[in-house]
Colleague: 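I have a structure here, written as structure tokens, and I will follow up with some questions on it.
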Amino acid sequence: MKILAVDDDPVFLSVLEPMLRSFGQNDVTVVNSADDALDMISQSKTAFDCFLLDIQMPGTNGIALCQKIRRISGYQRTPIVMVTSLSDRVSIDDAFAHGATDYVTKPLDGLELRARLGMVERLLSERHLAAVLQQQIASQSTEIVVHVDFEQPLLIPGFDRGIEYLALENYLLTIGRKRVHATSAIGISVQNASSFFRKSSPSNFVNMLGDVAAAISDAFKTEQMLIAYAGAGNFVCVSDGTTNLDLDELEIMIQMGVDAFENIYAMDNLPPPCIRIGQSVRSSFFGLINPTSILNRAISLSASGTSPLKLAYTGSVV
Amino acid sequence: MTAAISRNQAVTNLSNGDEASEYAFLAPARARFRALTVDRILELEAYRQLATQEATADAGLTAIRDLTHKIRGVAATLGFPEAGDLAALVEQKIIDSFAAKLPPTDAIQLIAEPLEALLSAMEAILE
């Protein structure tokens, strides 16, 4: 795996580099600043597979660098792991909102870093396999082939506020059990996603998800939220739980946003997507749960059609 | 729990100078950190002086914050958990005092004890 590590502290890099090599990661480049990192990316003949970024650096900080990397062609989905001493919620929220895939805190724990990089390698290997399959299918066909697995999460093209579902899970794991109780999640489902998927081409299905994503962005434009597409027609939004949202009104706004494309769907003989928002979900303070379980709960509530009348809790009801 | 054990184990191995341990690859970084410690002690003392003077108080506190940020990032990984914890404490107190807009004299008072303890912990690294 070709790794670029960025940290302004040479002593830290002298710890990180041999640690990575001890894990068998021998293709590691280290630089001391965001500017050097951007130069390195533009000069590199082969793309980097993974970035490890410090946050607090003079000049451009690691979060701004993360955002800049995401804007470079070919790096929209490259795993970016923040490696930082900052463990406050604002830094964590900012990092994931600007495109981080994962977040590791200093001082470095060798086992933890190895586990996170293992996750990155599995992710890259799955993507590589999917790309090879798609290439094989494309080579046997004259049409442009887009492969979409209905059940799987997807990074929707052009959905600027969206992050990968895996990153959203990592976000909840990073803020941890102690702080996840101050977090709420809302599921937003395309109720007829399955029949839409059967009737449409994969590219039409992705376009439809893009329309829904745009409508969600518009509806939540004043809210600080992390939004991801979880697969099977389900979006999930996570916030710090301090906002009081009128979910009925949001559902109407998103549906209206999607209905603006009604004529296009009619031209393709496709049904317009039907939107449903589930109850807002919080983890119970006393519930012994996995931090990511609020995502599953939020999705199941929107997918099952439970109306957004009151706050729901995972674990015990408070 | 596993992660905590591994970190402690790494620290123990390094503290024991266990070159054959799986963390032996960190020996050069540890030597570099130790070599830098003399300069860093002198830097911290100079910044503390700056922080006590009205005209340079903010610059002094900012410099202490930035240097302790660097120390906290690696000290524990290299087997110096006490210095790492104290550096984190000093950094956090300066961040909090800036956030609360405390006068520099109060901020200096706030960090006096942990900064002194940090300097002692750093001197112990050299022994």
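The basis for the numbers below is simple: all heavy atoms, side chains too, and nothing from hydrogens, waters or symmetry mates.
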Colleague: Tell me if a side-chain donor or acceptor on A:S14 pairs with a main-chain N or O of B:A29 at a distance below 3.5 Å.
Modeller: no

Colleague: When you look at CD of B:E123, are more than 12 heavy atoms from neighbouring residues, nucleotides or ligands closer to it than 6.0 Å?
Modeller: yes

Colleague: Could you walk me through whether A:F12 and B:K70 pass side-chain contact (heavy atoms from CB on, under 4.5 Å), step by step?
Modeller: CA-CA 8 Å; A:F12 177 75; B:K70 283 186 177 176; over 6 Å; no

Colleague: State whether the number of non-hydrogen atoms from other residues, nucleotides or ligands found under 6.0 Å of A:Q76 atom CD is greater than 12.
Modeller: yes

Colleague: Does the pair A:K106 and B:V74 meet the rule for a side-chain contact (heavy atoms from CB on, under 4.5 Å), with working shown?
Modeller: CA-CA 7 Å; A:K106 296 175 189 173; B:V74 289; over 6 Å; no

Colleague: Can you tell me how far apart NE2 (B:H69) and CG (A:D8) are? Round to the nearest 0.5 Å.
Modeller: 7.0 Å

Colleague: Less than 4.5 Å to any heavy atom of chain A: does that hold for the side chain of B:I95, its backbone, both, or neither?
Modeller: neither

Colleague: Against chain A, label B:R72 side chain, backbone, both or neither, depending on which of its atoms sit under 4.5 Å from a heavy atom there.
Modeller: both

Colleague: Closest approach of B:G73 and A:S85, non-hydrogen atoms and distance?
Modeller: CA-OG, 3.8 Å

Colleague: Around atom CD of A:E169, are there more than 12 heavy atoms of other residues, nucleotides or ligands at under 6.0 Å?
Modeller: yes

Colleague: Can you check side-chain contact (heavy atoms from CB on, under 4.5 Å) on B:R32 and A:V15, steps first, answer last?
Modeller: CA-CA 10 Å; B:R32 190 171 175 183; A:V15 170; over 6 Å; no

Colleague: Let me know if A:P58 has heavy atoms under 4.5 Å from chain B in its side chain, its backbone, both or neither.
Modeller: neither

Colleague: Hey, what do you get for CZ (B:F25) to CZ (A:R21), rounding to the nearest 0.5 Å?
Modeller: 12.0 Å

